[in-house]
Amino acid sequence: MFSRAAASVLRSQQFGLVLVLLVLGTALTIGAGSHPDPRTGEDVNNFLNRYTLIQMATDASAFAIMGVGATLVIIAGGIDLSVGAIYALAGVGMAMALRAVGPMDPAVTVLLGLGTCLAVALVCGLANGVMIIGLGVHPFIITLGTMWILRGVAFVISRAESILVPEALTAVAKAPLGLGTALYPVPLLCMLGVTAAGAIYLSRTVAGRHIFAVGGNVEASRYSGLNVPRITLGVFVLSALAAGFAAFMGASFYGSATSSDANGYELYVVASAVVGGASLSGGKGSAVSAMLGALLIVMMRQAIRTLHLDQNYEWIIIGTALIVAVVLDQRGSKFLSDRLSAAR
């Protein structure tokens with residue numbers, strides 16, 4: 001039984017991603033060189049040090065949190081291109097609401113900020129889901145349109161200004177939690193929490209299994225009695241709420257919100273989910289793999305900085321990784337289909 005479990009782990013998507021992360025991390029550690037630590041005077045590796053690792057986790061947290069939500073949509077056979085715009089509108093809405101209300105107790109400020117972000121995201125997710133179901137238009141078109149609409153609304157209501165958020169929010173997002181100054185683990189903990197919640201939801205709940213069923217075969221799901229419109233609406237709402245929570249963390253951590261926040265995050269979020277093994281044809285994906293995909297993308301960005309390569313290579317590398325992941329997924333699906341046909 002142990003050997004069977006070990007073989008299952010070795011064949012899993014997560015093991016392959018962890019292996020790639022370890023290989024890339026080892027190569028970067030060897031090739032990065034070192035520098036003297038200004039605090040202690042000791043030589044510190046330019047890549048393998050706690051500041052760089054936590055900074056990478058902080059950078060990956062927004063992609064991973066939004067990636068978990070996007071993975072639900074992709075498993076159900078859809079796609080959500082509006083997550084970056086929802087992030088921007090939720091952050092701007094929160095900052096403007098808190099500025100309008102004025103000084104309050106810090107705990108109330110945090111709760112109001114989080115509630116505002118989630119409320120704005122909920123409305124956006126409902127709008128996406130209702131239009132996709134009601135108009136019968138592919139999610140790609142609807143969310144492409146709402147991406148521009150929501151970004152435009154954020155631009156208009158904020159007048160393209162950067163709006164500061166209360167210090168109470170930044171104090172929570174940058175709480176050192178005993179790790180010392182310049183180390184902020186809260187985004188990392190939020191990323192792990194959302195990933196764990198997503199993994200449990202997908203693997204341990206009936207609703208999670210229904211999402212896989214709809215993505216695997218929507219017609220069969222209808223005939224089996226599943227409420228496909230409600231499931232579709234649910235995944236777009238959850239995707240939007242993930243973006244709203246990421247906006248709360250992002251605006252709190254950086255201390256401000258603007259309409260240009262999360263510009264281009266759609267690529268990173270979809271890439272995180274797909275590189276993590278989610279199939280754009282639906283029925284396949286996992287929250288843990290989406291988080292590992294986000295970490296891999298951020299590590300590739302860090303490799304460019306650490307090795308002092310041209311920053312413009314970032315888009316080329318991420319785009320290439322996305323194409324390679326999709327091709328491997330299609331080849332893997334074809335191989336599995338051929339094996340099943342041969343076995344019959």
- request: Treating Ile, Leu, Val, Met, Phe, Trp and Tyr as nodes and any side-chain heavy-atom pair under 4.5 angstrom as an edge, say whether F47 and V20 lie in one connected cluster.
  value: yes
- prompt: When rounded to the nearest 0.5 angstrom, what is the spacing between CE in M147 and CD1 in I86?
  reply: 11.5 Å
task: Could you check if a side-chain atom of T116 sits within less than 4.5 angstrom of a side-chain atom of M96, using non-hydrogen atoms only?
output: no
- request: Quick one: list whatever passes side chain to side chain donor-acceptor pair (under 3.5 Å) with S82, sequence neighbours left out.
  value: D80, N128
- request: Quick one: list whatever passes ring-ring contact (aromatic ring centres under 6.0 Å, His included) with Y268, sequence neighbours left out.
  value: F63, W315
- prompt: Nearest 0.5 Å, what's the OG-CD1 distance between S259 and I163?
  reply: 8.5 Å
- prompt: Hey, quick one: are I30 and M300 part of the same hydrophobic cluster, counting side-chain heavy atoms closer than 4.5 Å, chains of contacts allowed?
  reply: no
task: Tell me yes or no: between the side chains of N263 and S260, is some donor less than 3.5 Å from an acceptor?
output: no
message: I want to check something: taking the side chain as every heavy atom from C-beta on, are H210 and T205 in contact at a cut-off of under 4.5 Å?
response: no
- request: Verify side-chain contact (heavy atoms from CB on, under 4.5 Å) between I65 and C190, making sure each step is shown before the conclusion.
  value: CA-CA 8 Å; I65 291 170; C190 290; 4.3 Å; yes
field: In one Ile/Leu/Val/Met/Phe/Trp/Tyr side-chain cluster, 4.5 Å: L24, V274
entry: yes
message: Are the side chains of V18 and L22 in contact, using a 4.5 Å heavy-atom criterion?
response: yes
- prompt: Is there a side-chain contact between Y87 and V83 (heavy atoms, below 4.5 Å)?
  reply: no
- line: Between the SG atom in C117 and the CG atom in L112, the distance rounded to the nearest 0.5 Å is 10.0 Å
- prompt: Distance from T232 atom OG1 to N227 atom CG, nearest 0.5 Å?
  reply: 8.5 Å
message: Please say yes or no: joined through hydrophobic side-chain contacts below 4.5 Å, possibly via intermediate residues, are V101 and L111 part of one cluster?
response: no
Flag if over 12 foreign heavy atoms under 6.0 Å of CZ, F155: no
statement: Sequence neighbours excluded, the answer for side chain to side chain donor-acceptor pair (under 3.5 Å) partners of Q55 is D59
task: Report the C-alpha separation of Y254 and V165 in whole Å, then their side-chain angles, then the decisive distance to 0.1 Å, and conclude whether the side-chain contact (heavy atoms from CB on, under 4.5 Å) test is met.
output: CA-CA 9 Å; Y254 296 109; V165 301; over 6 Å; no
- prompt: Sub-3.5 Å donor-acceptor pair from the side chain of T170 to the main-chain atoms of F253, do we have one?
  reply: no
- prompt: Any side-chain heavy-atom pair from V92 and V120 closer than 4.5 angstrom?
  reply: no
task: Determine whether V186 and M249 make a side-chain contact, defined as any pair of heavy atoms from C-beta on separated by less than 4.5 Å.
output: yes
- request: Would you confirm whether T29, through its side chain, and G25, through its main-chain N or O, come within 3.5 Å as a donor-acceptor pair?
  value: yes
- request: Test T58 against L188 for side-chain contact (heavy atoms from CB on, under 4.5 Å), laying out the working first.
  value: CA-CA 6 Å; T58 301; L188 167 63; 5.8 Å; no
task: State, to 0.1 Å, how close S281 and S279 come at their nearest heavy-atom pair, and which atoms those are.
output: OG-OG, 2.7 Å
query: Taking side chain as C-beta onward, heavy atoms only, is P139 less than 4.5 Å from V73?
result: no
statement: A213 and S221 have their tightest heavy-atom pair at O-OG, 2.9 Å
field: Side-chain heavy-atom pair V214, V235 within 4.5 angstrom cut-off
entry: no
- prompt: Roughly how far, to the nearest 0.5 Å, is OG of S158 from CG of L89?
  reply: 9.5 Å
query: What distance do S239 atom OG and I79 atom CD1 have between them, rounded to the nearest 0.5 Å?
result: 10.5 Å
field: The single option from L126, L241, L72, T143 passing side chain to side chain contact (heavy atoms under 4.5 Å, CB included) against F236
entry: T143
message: What verdict does the side-chain contact (heavy atoms from CB on, under 4.5 Å) test give for R99 and L164, after you've listed the backbone C-alpha separation in whole Å, the side-chain angles of each residue and the deciding distance to 0.1 Å?
response: CA-CA 8 Å; R99 186 172 65 176; L164 298 178; over 6 Å; no
task: Check the hydrophobic clustering (I, L, V, M, F, W, Y; side-chain heavy atoms under 4.5 Å; chains of links allowed) and say if V130 and V123 are grouped together.
output: no
